[in-house]
Amino acid sequence: MWLPCGCTSKYVASSFARRTLASYLHVSGRSRCNVAAFMPEAAGLEGVSGRAALRELSVSNSESFWAAVARHRLCWSTPFHTVQDCDLSRGKIKWFEGGKLNVSVNCLDRHVHTCPERVALIWERDERGSEMKYTYGELLEMTCRLGNLLRRHGVKRGDCVTIYMPTCPLAVASMLACARIGAAHNVVFAGFSADALAERIRDGEMLLLIITVNQGVRGGKVTELKKTVDTAMQSCPTVKQVFVAMRTDNPVTMTARDIAMEEVREQKEMLKEDVVCEPAVMNSEDVLFLLYTSGSTGKPKGLVHTQAGYLLYAALTHRYVFSYHDGDVFGCVADIGWITGHSYVVYGPLANGATTVLFESTPIYPDPGRYWDMVERLKINQFYGAPTAIRLLLKYGDQWVNKYDRSTLKTLGSVGEPINTEAWEWYHRVVGDGRCPVVDTWWQTETGGICIAPRPSDPDAEIVPGMAMRPFFGINPVLMDTEGEVLTSNNTSGALCMAQPWPGMARTIHNNHQRFIDTYFQPYPGYFFTGDGAYRSEEGYYQITGRLDDVINVSGHRIGTAEIEDVVCPAVAESAVVGYTHSIKGQGVYAFVVLKKGIDVQEADLSRQLNGMVSEKIAKYASPDFIQFAKRLPKTRSGKIMRRVLRKVVESDLEGLGDLSTLDDPAAVQEIIQAITCRKK
């Protein structure tokens, strides 16, 4: 299996970490602390006496705020001389220029210096009850060995390595090893097809090397990742080497370019390497990683994130949105192939010295109690998952939750899409026993980390179900009307934009900065355009209403699909709403509905009930023209409902469905096509 770490070399790595840390620490002058009890990073900021004042200062005097936080939170080998140099009208974003550091030192060495035996990773393998733990000392050793292996095979500072692996310790070590030697990484979700993988390799100009495994295991099913890489390589002739690790015991065909990282018959390739790997000294704005959007529409965008700003923002949001404290076990169940996995499985938690969970399985394997059994066994304190998974588990009933002890839970989080009110309330009442705050977080691959969430806030501050609510420190959201004017009043809706930059935001689109400008800065000059619509309540809280390309225009009335999906009906487990061409209204509303298990109801009666509820809670014009009952909805392996596919099916554009290999089960699409075909007959 994965690289074992011996006790002797562990302490060699620990000793090296102490020496490395000493050269990276930059100690700034002492100054008066007003808010140290809440945020030690902000110590010394003048005239700040509480959270509200700190929030205000973080926006009105963002340079002072971010400078103080960066000096306290990160270990620098050379201090920065310029806090920011940004111009949103030109898509120019630079933070902490002059500063030098190494991300892996910030995530590993400084913690090994103080607590080498602290558990860094808990690998919750697909096989329930077979979890494996890795200390910070062991993870540093694995990272150093892999970093030396990459260097020996020609990877150098400025190169980019593709990582095509499931969520596992070696994938984390691969990311950190790239960061250690100054190479960028591009993690490609292990559910993507060979074509999707090849496209991301070619666009990213990753000429040297890919790291993968022989097979992936998820939900009791084996996926042939090495075979997928082999197929992708047929159109990627510039790739010279493929590192292959073993997740299962099944042999795979090896070619001349393949290097077995774990050879069972002879020496293990990684064990040939030294446990000491000198970290590269990186500039703040050097590239840390590329991460491609899913490519649901058009060519995938290779978003670029850089070293210091991204790491700082991931660490700070992890600490304060989830109220993380030393000793907590943080359980984010996202795949590392997505930005959530980057920021809240790997970089944010490790920068904070946390114990972070790597979840390899599915919410319902081998049964719908998998999450909560894991919470009990691993004593998870913060749980962060997707609304679609919560809705799925709600369908199976409370018994699968109540079967397990969840008393260690302190905070629940949701990510990926707006969470509907019923799922939020079930999550809070059943999973959290009514005592755990639910933080519904809004952010994107482009933002690098959480931008709007109910926390941090005063402990007794209200949390409104289904609302992201409050901007994070340094985040200044605005709503824009269709004329490009800022909407200043509350109780209003508009296009969600950001009025000022923050350290975690993406810097460009790889090889296409003009597309970066056109997509994010041209629609509303001087602002960052998120592509989402939002509602600001009378109290000033923000609620995400959905992607603006998920807004349906019915007879001149704009309605977000999420608003319709949020209408609660006790019989419905989950739903997806899409627009379709209507000869009279311009667009009509087509709703797909999945019922809870055990529900026995006439579809015609339930359709009337649902239409009545939408009319009552939103407006009559928002009532679905068609309601299609389905056993399941097409989703990606990360749990995202593929509304793009549903729109194509409704419009009878089956030729435009595109590559369905990234879906968790492509057969779900065929079931819906057949149901719609029968209905039309």
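Being a predicted model, the structure only gives us computed values, none of them experimental. Note that the numbering runs from 1 along the sequence shown for the chain.
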Is the shortest side-chain N to carboxylate O distance from [X] to [Y] below 4.0 Å?
X	Y	value
E574	K395	no
E417	R391	yes
E565	R643	yes
R128	E376	no
E671	R632	yes

**OP:** For the pair H318 and Y347, evaluate ring-ring contact (aromatic ring centres under 6.0 Å, His included) and give the outcome as yes or no after the intermediate values.
**Re:** CA-CA 9 Å; H318 170 257; Y347 287 114; over 10 Å; no
Hey, is the main chain of [Y] close enough, under 3.5 Å, to the side chain of [X] for a donor-acceptor pair?
X	Y	answer
R319	G348	no
D433	R435	no
D328	H325	yes
R536	L487	yes
Y535	Y541	no

Original post:
Run the side chain to side chain contact (heavy atoms under 4.5 Å, CB included) check on W123 and E360 step by step: do they pass?
Top reply: CA-CA 8 Å; W123 183 22; E360 187 183 38; 3.8 Å; yes
**OP:** Taking the side chain as every heavy atom from C-beta outward, state whether Q628 and I676 have any atom pair closer than 4.5 Å.
**Re:** yes
Original post:
Between L358 and E124, is any pair of side-chain heavy atoms under 4.5 Å apart?
Top reply: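 The answer is no, as the side chains (C-beta and beyond) never meet within the 4.5 Å cut-off.
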Original post:
What residues form a side-chain hydrogen bond (donor to acceptor under 3.5 Å, both in side chains) with D126, not counting sequence neighbours?
Top reply: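 Here the qualifying residues are S361.
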**OP:** Evaluate the salt bridge (Lys or Arg N to Asp or Glu O under 4.0 Å) criterion for residues E131 and R377: first the C-alpha distance (whole Å), next the side-chain angles of each, then the deciding distance (0.1 Å), finally the verdict.
**Re:** CA-CA 9 Å; E131 69 272 11; R377 277 188 291 107; 2.7 Å; yes
Subject >> K596 atom NZ, over 12 foreign heavy atoms within 6.0 Å >> reply: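 Above 12, so yes.
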**OP:** Evaluate whether atom CD of Q602 has more than 12 neighbouring non-hydrogen atoms of other residues, nucleotides or ligands under 6.0 angstrom away.
**Re:** no
**OP:** Take the angle between the ring planes of Y580 and Y590 and call it parallel below 30°, perpendicular above 60°, tilted in between.
**Re:** perpendicular
**OP:** Test K635 against every option in D665, T388, D664 by the side chain to side chain donor-acceptor pair (under 3.5 Å) rule and name the one that passes.
**Re:**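 Going through the options one by one, the only one that passes is T388.
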Subject >> D566: which of T545, N420, T561, T421 passes side chain to side chain donor-acceptor pair (under 3.5 Å) >> reply: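 One option only clears the test, and that one is T421.
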Original post:
Passes side chain to side chain donor-acceptor pair (under 3.5 Å), S130 versus R125? Steps please.
Top reply: CA-CA 6 Å; S130 64; R125 289 153 40 102; 3.2 Å; yes
Subject >> Steps toward side chain to side chain donor-acceptor pair (under 3.5 Å) verdict (W502, N476) >> reply: CA-CA 9 Å; W502 64 99; N476 187 13; over 6 Å; no
**OP:** Take Y371 and F359 through the test ring-ring contact (aromatic ring centres under 6.0 Å, His included) and record every step on the way to the result.
**Re:** CA-CA 9 Å; Y371 278 169; F359 184 69; 5.4 Å; yes
Donor-acceptor pairs are to be reported for all side-chain atoms of residues 441-451 against protein atoms at under 3.5 Å, with residues two or more places apart or in another chain.
| residue | atom | partner | partner atom | Å |
| --- | --- | --- | --- | --- |
| T441 | OG1 | Y384 | OH | 2.6 |
| T441 | OG1 | S414 | O | 2.7 |
| W442 | NE1 | D532 | OD2 | 2.7 |
| W443 | NE1 | Y384 | OH | 3.1 |
| Q444 | NE2 | T530 | O | 2.7 |
| E446 | OE2 | Y520 | OH | 2.6 |
| T447 | OG1 | Q444 | N | 3.1 |
| T447 | OG1 | Q444 | O | 3.0 |
| T447 | OG1 | G449 | O | 2.8 |

Original post:
Is the Lys NZ or Arg CZ of R51 less than 6.0 Å from the centre of F38's six-membered ring, within 45° of the axis?
Top reply: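 Cation-pi check for R51 and F38: passes.
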Subject >> Residues that F529 engages under ring-ring contact (aromatic ring centres under 6.0 Å, His included), provided they are two or more places apart >> reply: Y524
**OP:** Go through the steps to decide whether W372 and K403 satisfy the test side chain to side chain contact (heavy atoms under 4.5 Å, CB included), and finish with yes or no.
**Re:** CA-CA 8 Å; W372 324 124; K403 184 178 178 181; over 6 Å; no
Subject >> F592/F626 under side chain to side chain contact (heavy atoms under 4.5 Å, CB included): CA gap, chis, key distance, verdict >> reply: CA-CA 8 Å; F592 293 86; F626 293 101; over 6 Å; no
Original post:
Checking ring-ring contact (aromatic ring centres under 6.0 Å, His included) for the pair Y310/F289: CA distance, chi angles, key distance, verdict?
Top reply: CA-CA 10 Å; Y310 168 80; F289 65 84; 4.9 Å; yes
Original post:
Step by step, would you call E127 with R247 a salt bridge (Lys or Arg N to Asp or Glu O under 4.0 Å)?
Top reply: CA-CA 12 Å; E127 304 88 349; R247 171 57 181 91; 3.0 Å; yes
**OP:** Please test N381 against Y324 for side chain to side chain donor-acceptor pair (under 3.5 Å), starting from the C-alpha separation and ending with a verdict.
**Re:** CA-CA 8 Å; N381 303 111; Y324 167 80; over 6 Å; no
Subject >> Audit row: Y365, R370, side chain to side chain donor-acceptor pair (under 3.5 Å) steps and yes/no >> reply: CA-CA 6 Å; Y365 180 76; R370 180 60 185 268; over 6 Å; no
